[in-house]
Number of protein chains: 2
Amino acid sequence: MLTNSRLVHQPHDHGRCISAALTRANDLCSEQKVRMTTTRESVLRLLWQSHQPLGAYQLQGQLSELLNKPIAPPTVYRAIDFLLQLGLIHRIPSLNAYIGCPFPNSEHSNLFMICSQCGSAAEVAHNTINSMLQSASDKANFTLQSQCLELFGLCPQCSEHREDTDNEQ
Amino acid sequence: MLTNSRLVHQPHDHGRCISAALTRANDLCSEQKVRMTTTRESVLRLLWQSHQPLGAYQLQGQLSELLNKPIAPPTVYRAIDFLLQLGLIHRIPSLNAYIGCPFPNSEHSNLFMICSQCGSAAEVAHNTINSMLQSASDKANFTLQSQCLELFGLCPQCSEHREDTDNEQ
DNA sequence: TTATTAATGTTATATTATAACGTATCATTT
DNA sequence: AAATGATACGTTATAATATAACATTAATAA
């Protein structure tokens with residue numbers, strides 16, 4: 001199981017997450033001969049700022065602040081679409097929110113563990129689950145093209161706190 | 001694998017789907033001592049009219065026509081919320097749409113196979129996948145509470161047509 | 001009946017997303 | 001360097017989805 005869940009839900013040098021993501025993004029852009037502009041890079045950076053998915057209008061606010069000028073929704077959505085296309089970010093439909101992808105270019109599951117307490121979302125690539133989904137699709141004569149898997153619950157930290165308060169009662 | 005995918009993607013006596021669903025719904029309501037009103041029943045019926053998920057505003061239009069009076073969004077959303085609570089319908093987040101649940105009251109996976117061609121959505125309950133997701137959560141110290149799994153692709157019929165046209169080329 | 005709760009009606013508005021068209025910037029060719 | 005074409009961004013307006021707040025009506029219980 002390839003996962004960044006431990007990383008997400010544990011204290012870590014997050015500067016590294018960000019710079020690694022940006023490096024990957026730039027590499028991918030030169031590879032595909034597309035442009036990583038200031039707007040796009042800023043949006044990607046903002047989405048990597050934390051492990052909480054951000055909505056388009058949160059992004060708008062932060063982007064506007066960062067670039068010190070008014071930003072309209074289309075600008076944000078264009079950057080989002082660009083990054084989605086390249087697989088550098090994901091949309092989490094049930095949250096109407098976006099998050100940086102920790103393993104772009106690798107085929108993976110779009111499986112998220114979303115904490116309903118703190119809002120953090122960890123992406124997990126799980127080969128066994130993927131192949132089960134593939135074979136379930138095959139059995140149903142369903143031609144699988146893409147997927148979006150969302151698990152809701154409590155992240156490790158919030159689970160612990162919950163237990164603590166449970167015990168206190 | 002408990003599934004209604006064969007049912008959804010094959011011609012069948014759909015009147016039965018509807019009446020079975022309504023009977024289950026009424027039973028559940030008496031059990032839980034809540035009211036199945038005209039609005040709620042109509043919405044449920046509309047959602048069972050086809051195996052295509054419907055958006056809230058599609059429902060609004062159809063409901064308004066059915067009841068022969070103007071219906072405002074809150075009315076629709078209230079009925080939707082009620083039915084969601086009881087587990088009689090599901091929301092499919094990536095479509096902003098709602099669909100009748102073929103096996104309410106049973107614990108199940110919220111796994112949908114959604115045809116990107118014809119829009120039909122089949123719910124599939126797959127115990128093995130469920131338990132894999134559970135154990136993946138356990139390993140990550142993630143307290144799983146609920147889930148939403150969406151598979152996109154081509155349903156059996158649309159897959160066949162696709163092959164046909166592929167061969168013609 | 002009256003009191004109480006539950007459901008619906010009504011108006012307004014929040015939130016998320018896109019359409020359409022103009023302007024600026026970048027990259028390539030001449 | 002100038003001209004060209006393509007790409008990205010600016011701007012305005014609006015579509016689509018969802019909810020807040022409060023008034024009214026209907027159902028149930030006391």
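In what follows, chains are A, B, ... by sequence order, proteins preceding strands, each numbered from 1. Since this is a predicted model, take the numbers as computed values, not measurements.
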To the nearest Å, how far apart are [X] [atom1] and [N] [atom2]?
{"X": "A/Ile92", "N": "C/dT16", "atom1": "CD1", "atom2": "P", "value": "14 Å"}
{"X": "B/Gln85", "N": "C/dA6", "atom1": "CD", "atom2": "P", "value": "14 Å"}
{"X": "A/Phe82", "N": "C/dT18", "atom1": "CZ", "atom2": "P", "value": "18 Å"}
{"X": "A/Ile71", "N": "C/dA17", "atom1": "CD1", "atom2": "C1'", "value": "17 Å"}
{"X": "A/Glu41", "N": "D/dA8", "atom1": "CD", "atom2": "C1'", "value": "16 Å"}
{"X": "A/Arg40", "N": "C/dC26", "atom1": "CZ", "atom2": "P", "value": "13 Å"}
{"X": "B/Gln60", "N": "C/dT8", "atom1": "CD", "atom2": "P", "value": "15 Å"}
{"X": "B/Ile80", "N": "D/dT17", "atom1": "CD1", "atom2": "C1'", "value": "10 Å"}

Counting any heavy atom closer than 4.0 Å, what does A/Pro70 reach on the DNA or RNA strands: base, sugar-phosphate only, or nothing? nothing
Reckon A/Arg78 touches a base, only the sugar-phosphate, or nothing at all at heavy-atom distances under 4.0 Å? base
May I ask you to verify whether the side chain of B/Tyr57 and the base of D/dA15 hold a donor-acceptor pair under 3.5 Å? no
Would you kindly compare B/Leu95 and B/Pro74 by the position of their nearest DNA chain D nucleotide and give the one closer to the 5′ end? B/Leu95
Counting N and O atoms only, with roles assigned by atom type, does the side chain of A/Gln147 sit under 3.5 Å from a partner on the main chain of B/Leu149, one being a donor and the other an acceptor? no
Under the 3.5 angstrom rule, does the side chain of A/Ser64 hit a backbone N or O of A/Gln60 as a donor-acceptor pair? no
Which word best sums up how the rings of B/Trp48 and B/His14 line up, parallel for under 30°, tilted for 30 to 60°, or perpendicular for over 60°? tilted
Is there a side-chain contact between [X] and the phosphate of [N], meaning an N or O under 4.0 Å from OP1 or OP2?
{"X": "B/Arg91", "N": "D/dT17", "result": "no"}
{"X": "B/Thr39", "N": "C/dT8", "result": "yes"}
{"X": "A/Lys69", "N": "D/dG10", "result": "yes"}
{"X": "B/Tyr98", "N": "D/dT17", "result": "no"}
{"X": "B/Thr75", "N": "C/dG9", "result": "yes"}
{"X": "A/Asn96", "N": "D/dT17", "result": "no"}

From B/Gln52 CD over to B/Cys115 SG, what is the distance, rounded to the nearest 0.5 angstrom? 8.5 Å
Are A/Glu160 and B/Asn141 close enough, and set up right, to give a side chain to side chain donor-acceptor pair (under 3.5 Å), and what steps lead you there? CA-CA 9 Å; A/Glu160 255 183 43; B/Asn141 288 318; over 6 Å; no
Decide, applying a 5.5 Å centre-distance limit and a 30° plane-angle limit (both strict), whether A/Tyr77 stacks on C/dT18. no
With the side chain of B/Pro73 defined as its heavy atoms from C-beta on, choose the nearest nucleotide among D/dA18, C/dA7, C/dA17. D/dA18
